[in-house]
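Everything numeric in this text was worked out from a predicted model, so none of it was measured. The chain is numbered in sequence order, starting from 1.
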Amino acid sequence: MAVESRVTQEEIKKEPEKPIDREKTCPLLLRVFTTTNGRHHRPDEFARGNVPSSELQIYTWMDATLKELTSLVKEVYGDARKKGTHFSFAIVYPDLKRPSYRIKEIGSTVSGRKGSEDSLTLQSQRFQIGDYLDIAITPPNRAPPPSGRMRPY
């Protein structure tokens, strides 16, 4: 008789995170890659030790929220400060089955608006030290591209 686990994504997200004492815990170096066309980088742009040229290096902690990371990116990119600018976050991580990278979208924020994903943390989204963060920035006058793959139906 087979036994299946019925743990849902909601239950995984509700696991209490251990609070991080930022006074006593050393921050990690988060390598962030951005685009301003509203689309994430392709996985092959990270292949063979290469990375996209639009790199930001941020020292932060695993309990950093998407809203906190948004404000750090806005400090660097003046155009991203405009109200209504859309930030789509994805984790770029090595594929353990082949020598390439995979991209997993984890959430989004909008400048000047509160959203349900603002409080998501790197830790809650299974970010691991050594992964990259890819942020697709969409100006307020353009709608963000649809996420996920197009379905043929």
*Determine whether Leu96 and Phe127 fall in the same hydrophobic cluster, where Ile, Leu, Val, Met, Phe, Trp and Tyr are linked whenever their side-chain heavy atoms lie under 4.5 Å apart.*
no

_Shortest non-hydrogen separation from Ser108 to Leu66 and the atoms involved_ = N-CD1, 4.1 Å

*Do the charged groups of Asp63 and Arg22 touch, with an N to O distance under 4.0 Å?*
yes

*Of all the heavy-atom pairs spanning Ser111 and Lys74, show the shortest one and how long it is.*
OG-NZ, 3.1 Å

*State, yes or no, whether a side-chain contact exists between Pro94 and Phe46 at a heavy-atom distance under 4.5 Å.*
no

*Do Leu122 and Thr65 come within less than 4.5 Å of each other through their side chains, counting heavy atoms only?*
no

*Do Tyr77 and Leu56 have side chains that get closer than 4.5 Å, going by heavy atoms?*
yes

*Looking only at atom types and distance, does a side-chain atom of Ser88 sit under 3.5 Å from a main-chain N or O of Ala136, one as donor and one as acceptor?*
no

*Is it true that atom CZ of Arg31 has more than 12 heavy atoms of other residues, nucleotides or ligands lying nearer than 6.0 Å?*
yes

_Is the distance between the ring centroids of Tyr101 and Tyr93 under 6.0 Å?_
no

*Could you grab the distance from atom OG of Ser53 to atom NE2 of His41, nearest 0.5 Å is fine?*
7.0 Å

*Can you check whether Leu133 reaches Ile58 side chain to side chain, under 4.5 Å on heavy atoms?*
no

*With side chains defined as the heavy atoms from C-beta onward, is the minimum distance between Thr35 and Ile137 less than 4.5 Å?*
no

*Would you say the side chain of Ile20 lies within less than 4.5 Å of the side chain of Gln123, judging by non-hydrogen atoms?*
yes

*Take atom CD of Glu55 as the centre, draw a 6.0 Å sphere, and report whether it contains more than 12 heavy atoms from other residues, nucleotides or ligands.*
yes

_For the CG atom of Asp134 and the OG1 atom of Thr34, what is their distance to the nearest 0.5 Å?_
8.0 Å

*Can you spot which of Thr85, Asp118, Thr70 makes a side chain to side chain donor-acceptor pair (under 3.5 Å) with Thr109?*
Thr70

*Does Phe33 reach the side chain of Val51, with side-chain heavy atoms less than 4.5 Å apart?*
yes

*Check Gln125 against Ile91 and note the closest heavy-atom contact, atom names and distance.*
O-CD1, 3.5 Å

*Do the side chains of Val73 and Val92 join up, straight or via other hydrophobic residues, at under 4.5 Å, putting them in one cluster?*
no

*Could you pull out the closest heavy-atom pair between Ile103 and Ala90, with the gap in Å?*
CG2-CB, 3.6 Å

*Ion pair check, Glu45 and Arg39, cut-off under 4.0 Å*: no

*Does any N or O in the side chain of Trp61 come within less than 3.5 Å of the main-chain N or O of Thr25, such that one atom is a donor and the other an acceptor?*
yes

_Using every non-hydrogen atom in the two residues, find where His86 and Val110 come nearest and quote the distance to one decimal._
CD2-CG2, 3.8 Å

*Could you tell me whether Lys97 and Asp95 have a side-chain N and a carboxylate O separated by less than 4.0 Å?*
no

*Single-linkage hydrophobic cluster, 4.5 Å side-chain cutoff, Leu120 and Leu30 together*: yes

*Shortest non-hydrogen contact between Arg126 and Asp131, atoms and distance*: O-OD2, 4.4 Å

*May I ask you to list the residues sharing a hydrophobic cluster with Leu29, side-chain cutoff 4.5 Å, ordered by chain and number?*
Tyr59

*Which salt bridge (Lys or Arg N to Asp or Glu O under 4.0 Å) pairs, counting each pair once, include a residue from residues 76-86, with sequence neighbours left out?*
none

*In the single-linkage hydrophobic clustering (I, L, V, M, F, W, Y; side-chain heavy atoms under 4.5 Å), do Tyr132 and Val76 co-cluster?*
no

